[in-house]
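Here's the structure we're looking at; comments come further down.
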There are 2 protein chains.
Amino acid sequence: MARADTSRADLVHERVRTMIREGLLAPGARVREADLADLVGVSRTPVREAISRLVSEGQLVTSGGRGFAVARLDRQQVIELYALREFLEAASARFAAQHASETEIEALRELLEESRTLARDPQRLAVLNKRFHAAIGSAGHNRYGEQALSRLSDHLALVPGTTFEMAGRAEIVHAEHTAILDAIDDRDADRAEAAARVHIRQAGKARLKLLFDRI
Amino acid sequence: MARADTSRADLVHERVRTMIREGLLAPGARVREADLADLVGVSRTPVREAISRLVSEGQLVTSGGRGFAVARLDRQQVIELYALREFLEAASARFAAQHASETEIEALRELLEESRTLARDPQRLAVLNKRFHAAIGSAGHNRYGEQALSRLSDHLALVPGTTFEMAGRAEIVHAEHTAILDAIDDRDADRAEAAARVHIRQAGKARLKLLFDRI
DNA sequence: ATGAATGGTATTGCATGCAATGGTGTGGCC
DNA sequence: GGCCACACCATTGCATGCAATACCATTCAT
C-alpha cells in the first residue's frame with residue numbers, strides 16, 4: 001500500500017485540526033495517541049506522524065512528561081499573532097488585488113452579502129469571516145502566502161471566543177471587509193493592502209479587549 | 001525512553017534541513033527512508049516522522065510512486081516566494097525596530113561590518129546574509145514571525161545559486177542592509193519596514209535575473 | 001497529620017516485520 | 001529489430017511489540 005491519495009497520517013492530522021477548529025478539542029485538552037488511534041481506527045504509527053506534525057506546527061505541545069495537549073496561547077502570543085497577521089492579510093489583499101479572477105471576486109461579494117443579510121449569531125458570523133479571509137488568501141494565487149495564512153488561521157482557532165459576540169462588531173467588520181473587497185475589485189493593490197492592515201489592527205484590538213474582559 | 005530533549009525524529013529532521021541548506025542534498029535529489037536511517041543510525045520509524053514533516057513543510061515531495069525527492073522550485077514559485085518574502089521581511093524589520101535590544105542591534109552591526117570587510121567570496125557572503133536576516137527575525141521577538149521567516153528561508157535554500165555571484169551585488173546589498181539597520185537603530189518602524197521591502201524587491205529581481213540567465 | 005519514599009501504571013519512543021504497490025529489466029513474440 | 005507482457009525487486013505504509021520513563025497513589029515514618 002505504497003500509494004494512497006491521502007495517507008492515514010494525513011487523515012488523523014486533518015481530523016485533529018478540524019476538532020480543534022470546531023472546539024471539540026479545546027486548548028489545554030489532553031491528547032493521547034491511543035485515543036486518537038481508536039477514534040480514527042488506525043494504529044498508533046500514523047497517529048504519531050500526525051501528532052509529530054501538529055507539534056512542529058505549534059497546534060499541540062508535549063505536555064510535561066505525560067503525553068500531549070492542545071496548545072494554549074497566552075496574552076503575549078495573541079499579541080504576536082495579530083502583529084504578524086497584519087502583514088499576512090495585507091499581503092493576501094495585495095495579491096488578490098493583483099491576481100484575483102472576476103469569478104473569485106464575485107464569490108467574495110456573495111460571502112459578504114451572506115454575512116450581512118443572513119447571519120445573526122456570532123458563531124455563524126465567525127465561520128463566514130474565516131471563509132472570507134481564506135477566500136482572499138486563495139484568490140491571491142500565492143502558494144506560500146496561502147499556506148502561511150492557513151497556518152496562522154489554525155493558531156487563531158486556539159484563541160477562545162469570537163469578537164462577534166461584541167455589540168456592533170458585526171457592522172464594523174462588514175464595513176472593513178467591504179473596504180478591502182472594493183479595493184481588490186478596483187485592482188488597487190495599495191489600497192487593498194492598507195485596508196486589510198487597518199482591519200486586522202482593529203480586529204486585534206477587539207480580540208485583546210474581549211480576552212482581557214473575560215479573563 | 002519517553003523523554004529526550006531531542007527525539008530521533010527531530011535529529012533526522014534537522015539533519016536533512018542542514019543537508020539541503022548546505023547543498024549536500026540538491027533539489028531533485030532522491031531521498032530514501034532506509035538511506036537516512038542508516039546515515040543517522042536509527043530505525044525507519046523516526047525517519048518517517050521526519051520525512052512526513054518535511055513533506056508537509058514543502059521541503060520534500062513524494063516522487064511519483066517511488067519514494068521522495070528534494071523539492072524543486074519552478075520560476076513561478078520563486079516569484080511567489082519573493083512576493084511573500086517582501087512582507088515577512090518587512091514585518092521582521094518593523095518588529096525589530098520596535099523590540100530589538102541594544103545588544104541585538106550591536107550584533108547586527110557587527111554582522112554587517114564582517115560582511116563588508118572580511119568576506120569576499122559569494123558563498124561566505126551568502127551565509128552572512130542569511131545570518132543577518134535571521135538575526136533581524138530573532139530581534140523582532142515575535143515567535144510566529146520568526147518561524148514563518150525560518151520556514152521561508154528553508155524554501156529559499158531550494159533556489160540554486162546566489163546573487164552574490166553577480167558583479168557589484170555585494171555593495172548594493174550592503175547599502176540596503178545598512179539602510180534597514182539604521183532605521184531599526186533609530187527605532188523608526190515605518191522606515192525599517194519600507195527599507196526591508198525595497199531590499200527584498202531588489203533581491204527578488206536580481207534572483208530572477210540570475211535564474212533566467214543560467215537556465 | 002503531614003511529608004517522603006516506593007511501587008504500580010499509564011503513556012510515549014522506537015525497532016522490527018509484513019504486506020502492498022509501482023517501476024524496471026528481461027525474455028518472448030510478432 | 002521493436003514491442004509487449006510478465007516477473008522480480010526496490011521501497012513505502014502500517015501494525016505490533018517491547019522497553020523506558022515520569023506521574024500518581026499509597027503507605028510508612030515522624
Side-chain angles (χ1 to χ4, degrees), chain A residues 1-20 24-72 158, chain B residues 1-20 24-72 158:
Chain A
M1 206 200 287
R3 278 274 10 170
D5 259 321
T6 142
S7 71
R8 305 191 187 195
D10 289 340
L11 253 149
V12 175
H13 183 264
E14 204 47 46
R15 185 78 169 258
V16 173
R17 271 187 77 199
T18 304
M19 285 172 74
I20 293 177
L24 278 83
L25 230 38
R30 239 183 119 180
V31 171
R32 271 185 288 267
E33 292 183 1
D35 288 356
L36 280 179
D38 287 351
L39 183 70
V40 184
V42 299
S43 85
R44 277 182 51 222
T45 304
V47 171
R48 296 203 88 245
E49 270 180 41
I51 287 184
S52 160
R53 262 148 68 180
L54 289 160
V55 168
S56 89
E57 288 162 12
Q59 295 285 108
L60 298 183
V61 294
T62 95
S63 171
R66 194 74 154 195
F68 305 92
V70 179
R72 197 197 289 278
L158 299 172
Chain B
M1 204 202 288
R3 277 275 12 160
D5 259 321
T6 141
S7 72
R8 305 192 188 194
D10 289 340
L11 253 149
V12 176
H13 183 264
E14 204 45 47
R15 184 77 169 258
V16 174
R17 270 186 77 199
T18 304
M19 286 172 74
I20 293 178
L24 278 84
L25 230 38
R30 239 184 118 179
V31 172
R32 271 186 288 266
E33 291 183 1
D35 289 353
L36 280 179
D38 287 351
L39 183 71
V40 184
V42 300
S43 86
R44 277 181 50 221
T45 304
V47 171
R48 295 202 90 245
E49 271 180 39
I51 288 185
S52 160
R53 261 149 70 181
L54 288 160
V55 168
S56 89
E57 287 161 13
Q59 295 286 108
L60 299 183
V61 294
T62 96
S63 172
R66 193 77 154 190
F68 306 91
V70 178
R72 197 197 290 277
L158 299 172

Next item on the list: State, with a plain yes or no, whether a side-chain heavy atom of Glu33(A) is found less than 4.5 Å away from one of Ile51(A).
Entry: yes
Next item on the list: Report yes if the side chains of Leu11(B) and Val42(B) come closer than 4.5 Å at any heavy-atom pair, otherwise no.
Entry: no
Next item on the list: Verify the distance criterion only: is there a donor paired with an acceptor across the side chains of Ser63(A) and Arg30(A) at less than 3.5 Å?
Entry: no
Notebook entry, point to check: What is the distance from CZ of Arg30(A) to P of dC23(D), rounded to the nearest Å?
Noted result: 11 Å
Check: To the nearest 0.5 Å, what is the distance between CZ (Arg15(B)) and CD1 (Ile20(B))?
Finding: 13.0 Å
Checklist line | Integer-rounded Å distance: dC14(C) P and Ile51(A) CD1 | finding: 14 Å
Notebook entry, point to check: Are the side chains of Glu57(B) and Ser56(A) in touch, meaning some heavy atoms are under 4.5 Å apart?
Noted result: yes
Check: Which of the following nucleotides, dT12(D), dT11(C), dC14(D), is nearest to the side chain of Ser7(A)?
Finding: dC14(D)
Next item on the list: Could I get the full list of side chain to side chain donor-acceptor pair (under 3.5 Å) partners for Asp38(B), not counting sequence neighbours?
Entry: none
Item checked: Nucleotide dT12(D), atom P - distance to CG of Leu54(B) in whole Å -> 14 Å
Note to self: Exactly one of Leu60(A), Val16(A), Asp10(A) should register a side-chain contact (heavy atoms from CB on, under 4.5 Å) with Arg53(A). Which one does?
What the structure shows: Asp10(A)
Note to self: I need the CD-P distance between Glu33(A) and dA15(D), as an integer number of Å.
What the structure shows: 13 Å
Margin query: In this structure, how many angstroms lie between the C1' atom of dT12(C) and the CG atom of Leu60(A), rounded?
Written below: 14 Å
Notebook entry, point to check: What is the nucleic acid contact for Val31(B), judged by heavy atoms within less than 4.0 Å: base, sugar-phosphate only, or nothing?
Noted result: sugar-phosphate
Check: Any side-chain heavy atom of Met19(A) sitting closer than 4.5 Å to one from Leu39(A)?
Finding: yes
Check: What is the distance, rounded to the nearest whole Å, between atom CZ of Phe68(A) and atom P of dA10(C)?
Finding: 18 Å
Checklist line | Residue-level proximity of residues 35-46 of chain A to DNA chain D when a heavy atom falls under 4.0 Å | finding: Val42(A), Ser43(A), Arg44(A), Thr45(A), Pro46(A)
Next item on the list: Could you state the atom-to-atom distance from CZ of Arg32(B) to P of dG23(C) in whole Å?
Entry: 15 Å
Notebook entry, point to check: If you round to the nearest 0.5 Å, how far is CD of Glu49(A) from CG of Leu54(A)?
Noted result: 12.0 Å
Are there any protein N/O atoms within less than 3.5 Å of an N/O atom in nucleotides 6-9 of chain C, and if so, which ones and at what distance?
none

